[in-house]
2 protein chains.
Amino acid sequence: MGKCTPESLLEGRNIKITRQRQIVLGAIIDTGKPFSASDLHESLGNEMDLATIYRNLEMLCGEGIIRQVMNEKERQYYELACIHNPEHPHFYCNICGKIYCMKQDKPMRLKKRLPGDFTVEQTVLQYRGICPDCSKE
Amino acid sequence: MGKCTPESLLEGRNIKITRQRQIVLGAIIDTGKPFSASDLHESLGNEMDLATIYRNLEMLCGEGIIRQVMNEKERQYYELACIHNPEHPHFYCNICGKIYCMKQDKPMRLKKRLPGDFTVEQTVLQYRGICPDCSKE
DNA sequence: GGTCTAAATGCAAGTTGTTCGCAATTAAAG
DNA sequence: CTTTAATTGCGAACAACTTGCATTTAGACC
Ligand SMILES: [Mn+2]
Ligand SMILES: [Mn+2]
Ligand SMILES: [Zn+2]
Ligand SMILES: [Zn+2]
């Protein structure tokens with residue numbers, strides 16, 4: 001919620017500040033949009049090991065610094081947790097696959113939430129939680 | 001929208017009615033719930049080739065007989081198109097991973113859409129369509 | 001600054017869900 | 001009954017991750 005530098009996001013957490021963590025977090029902060037592991041990998045010139053990127057993404061999720069963005073099949077997307085509230089809608093482009101964060105979670109006209117020129121073709125709504133079968137342990 | 005037998009779903013479509021298609025469609029009709037390729041494979045005793053199942057699922061999607069159900073990572077789920085309207089919410093159990101179809105797409109209290117004993121922990125909303133970058137070809 | 005150690009990294013190999021190439025089989029048209 | 005294009009089964013290939021392990025390194029302690 002604070003300044004958003006790699007160091008500020010990691011401080012006070014008992015996590016080693018390695019060179020690759022600074023680079024990965026720097027890239028995440030720079031993009032500002034939902035990203036995948038391979039987006040990161042490419043944006044860093046394909047130099048860092050993918051396993052290192054995956055391990056750091058997992059760690060950052062565990063710390064609540066980033067969160068997973070729901071995406072049908074394909075690859076997993078993530079977003080920086082401090083820039084949006086936990087449950088907001090996303091716009092997914094059926095052509096280029098880019099994912100856009102949308103404002104507002106409360107009932108409101110779609111047009112007001114999406115700047116013009118977005119054409120909505122499908123809406124996906126999914127609730128996640130615990131089903132009756134699993135409630136009775 | 002009609003009776004829902006393997007033959008009725010395939011008729012008038014210029015598609016060969018093979019033994020495995022009848023078996024696959026039969027199983028899909030029987031389950032009535034969202035299913036994955038491996039759900040089908042197992043429910044058929046692991047006898048049919050998985051590639052055949054995948055190829056038929058792809059064909060059935062193309063024909064609009066089944067449709068993909070959004071699911072975060074893991075495997076792809078599908079549902080029979082004729083039993084629900086195209087855009088309805090789903091409930092995903094965080095423990096067993098089962099996916100439940102929910103009634104209603106219109107604003108309405110969650111409690112009325114989910115029979116009791118479902119605990120909602122997260123809500124995912126995703127719009128899919130064409131973004132501004134892709135609108136200008 | 002130098003030493004030490006647990007944690008992190010890079011590399012290679014493994015896993016999982018899905019797709020593809022190809023020869024053998026089969027639905028269904030004639 | 002023929003014929004043939006579509007479909008199937010099988011194995012190999014793929015893509016996105018994940019894991020094991022030897023090497024490196026951050027940073028705690030001197
Ligand atoms: Mn977002
Ligand atoms: Mn459904
Ligand atoms: Zn686009
Ligand atoms: Zn459950």
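A note on names: the letters A, B, ... follow the listed sequences, proteins ahead of strands, and every chain is numbered from 1.
Regarding B:L50, its CG atom lies at a distance of 14 Å from the C1' atom of C:dC20, rounded to whole Å. Summarising the geometry, the separation between CD1 on A:I23 and P on C:dT9 is reported as 10 Å, rounded to the nearest angstrom. Rounding to whole angstrom units, OH of residue A:Y78 and C1' of D:dC17 are separated by 9 Å. Atoms CZ (B:R21) and P (C:dT25) sit 19 Å apart, rounded to a whole Å. One interatomic measurement links the two molecules: CG of A:N46 to P of C:dG10, which rounds to 14 Å at whole-angstrom precision. Between A:H41 atom NE2 and D:dA16 atom C1' there is a gap of 13 Å when expressed in whole angstrom units. Residue B:D39 contributes atom CG, which lies 15 Å from atom C1' of C:dT18 at whole-angstrom precision. To the nearest angstrom, P of D:dC10 lies 12 Å from CD1 of B:I53.
A chain of hydrophobic side-chain contacts below 4.5 Å, direct or via other Ile, Leu, Val, Met, Phe, Trp or Tyr residues, connects B:L10 to B:I23.
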Next on the checklist: Return a single string for nucleotides 22-30 of chain D, one symbol per nucleotide in 5' to 3' order, where B is base contact, S is sugar-phosphate-only contact and - is none, cutoff 4.0 angstrom on heavy atoms.
Outcome noted: ---BBS---
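Across all strands shown, A:R55 has heavy atoms under 4.0 Å from base atoms, whether or not it also approaches the sugar-phosphate.
A salt bridge is defined here as a Lys NZ or Arg NE, NH1 or NH2 lying under 4.0 Å from an Asp or Glu carboxylate O, and B:E79 with B:K33 fails to meet this definition.
Under 4.0 angstrom from either OP1 or OP2 of D:dC17 there lies at least one side-chain N or O belonging to A:Y54. An OP1 or OP2 oxygen of C:dT9 is reached within less than 4.0 angstrom by a side-chain nitrogen or oxygen of A:N56.
If you check distances only, the side chain of A:R75 never reaches the base of C:dG17 with a donor-acceptor pair under 3.5 Å.
Looking at B:E87 and A:Q122, their side chains never bring a donor and an acceptor atom within 3.5 Å of each other. Neither side chain, B:N56 nor B:Q20, offers a donor N or O lying under 3.5 Å from an acceptor on the other.
If B:Y77 and A:M48 are placed on DNA chain C by their nearest nucleotide, the residue sitting closer to the 5' end is A:M48.
Residue B:E58 places its CD atom among 12 or fewer non-hydrogen atoms of other residues, nucleotides or ligands, all under 6.0 Å distant.
Here CG of A:N94 is found 6.0 Å from CZ of B:R128. Values are rounded to the nearest 0.5 Å.
Two rings, from B:Y127 and A:Y100, have their centers 6.0 Å or more apart.
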